[in-house]
Participant: 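Below you'll find the structure I mean.
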Amino acid sequence: QVQLVESGGGLVQAGGSLRLSCAASGRPFSDYYWGWFRQTPGKEREFVAGVNWSGSSTRSADSVNGRFTISRDKAKNTIYLQMNSLKPEDTAVYYCAASRYYGVTNDEAYHYWGQGTQVTVSS
């Protein structure tokens, strides 16, 4: 069982930055692949970025490549999403999730989800 709690969302102007945090509890973290997703009203959840617990492998969506970076801090049991050069189209609720399958981008493959944190980017 894994519990996830996101934080760090808020309102930011276009071109600005935010860092989202996802505090994880439960064991063992190395058994899971960790992802960030986002969702806007009326749309399906979209994969944003993923990382394995060792941090040796990451992947991200084309829409955020070069702007967003996923990382994890083992000591703090926390996964981060650093978001730079934000655009109004990045506005969404962002979710942290854990999957027992490695490298997956399909939200149906994720077993545990946080409650989400709102990110709003103004133009």
Participant: Quick one: pull up NZ in K74 and OG in S54 and give me the separation to the nearest 0.5 Å.
Facilitator: 6.0 Å
Participant: Quick one: does any side-chain atom of D73 pair with a main-chain N or O of T78 as donor and acceptor, under 3.5 Å?
Facilitator: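 Judged by distance alone, no pair lies under 3.5 Å.
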Participant: Would a distance-only check, ignoring hydrogens and angles, find a side-chain to backbone donor-acceptor pair under 3.5 Å from R59 to G103?
Facilitator: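 Yes, R59 side chain to G103 backbone: donor-acceptor pair under 3.5 Å.
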Participant: Take atom OH of Y102 as the centre, draw a 6.0 Å sphere, and report whether it contains more than 12 heavy atoms from other residues, nucleotides or ligands.
Facilitator: yes
Participant: CZ of R100 to NE2 of H111: how many Å apart, nearest 0.5 Å?
Facilitator: 4.5 Å
Participant: Cluster partners of V51, using ILVMFWY side-chain heavy atoms under 4.5 angstrom, listed by chain and number?
Facilitator: V2, L4, V12, L18, L20, F29, Y32, W34, W36, V48, W53, V64, F68, I70, I79, L81, M83, L86, Y94, Y112, V119, V121
Participant: My understanding is that only residues two or more places apart in sequence, or in another chain, count here; which of them pass side chain to side chain contact (heavy atoms under 4.5 Å, CB included) with N65?
Facilitator: S60, D62
Participant: So, using salt bridge (Lys or Arg N to Asp or Glu O under 4.0 Å) as the criterion, who are the partners of R72 when residues are at least two apart?
Facilitator: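 None.
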Participant: Looking at A109, is its backbone amide N or carbonyl O close enough to the side chain of S99 to form a donor-acceptor pair, meaning the two atoms are under 3.5 Å apart?
Facilitator: yes
Participant: Apply side chain to side chain contact (heavy atoms under 4.5 Å, CB included) to E108 and list each qualifying residue two or more places apart in sequence or on a separate chain.
Facilitator: N106
Participant: Can you tell me how far the CZ atom of R45 sits from the CG atom of D107, to the nearest 0.5 Å?
Facilitator: 5.0 Å
Participant: Would F47 end up clustered with Y101 when hydrophobic side chains under 4.5 Å apart are linked, directly or stepwise?
Facilitator: yes
Participant: Please test V5 against Q115 for side-chain contact (heavy atoms from CB on, under 4.5 Å), starting from the C-alpha separation and ending with a verdict.
Facilitator: CA-CA 7 Å; V5 178; Q115 82 288 351; 4.2 Å; yes
Participant: Before we go on, tell me: are the rings of F37 and Y110 under 6.0 Å apart, centre to centre?
Facilitator: yes
Participant: State, to 0.1 Å, how close G114 and Y95 come at their nearest heavy-atom pair, and which atoms those are.
Facilitator: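 The pair with the smallest heavy-atom distance is O-CD2, 3.7 Å.
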Participant: Without swapping roles, check the side chain of Q39 against the backbone of A92 for a donor-acceptor pair under 3.5 Å.
Facilitator: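 Not at all, since once roles are kept as given, no pair shorter than 3.5 Å links the two residues.
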Participant: Considering residues at least two apart in sequence or located in another chain, which fulfil the salt bridge (Lys or Arg N to Asp or Glu O under 4.0 Å) criterion with E46?
Facilitator: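 With neighbours one apart ignored, the set is R38.
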Participant: For Q13, does the CD atom have more than 12 heavy-atom neighbours from other residues, nucleotides or ligands under 6.0 Å away?
Facilitator: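 Atom CD in Q13 is not crowded, with 12 or fewer foreign heavy atoms closer than 6.0 Å.
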Participant: Do S17 and N84 pair up side chain to side chain, a donor and an acceptor below 3.5 Å, judged on atom types alone?
Facilitator: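 Result is yes, a qualifying pair exists.
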Participant: Tell me every residue that passes salt bridge (Lys or Arg N to Asp or Glu O under 4.0 Å) with R67, counting only those two or more places apart in sequence or in another chain.
Facilitator: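 Per chain and number, R67 pairs via salt bridge (Lys or Arg N to Asp or Glu O under 4.0 Å) with D90.
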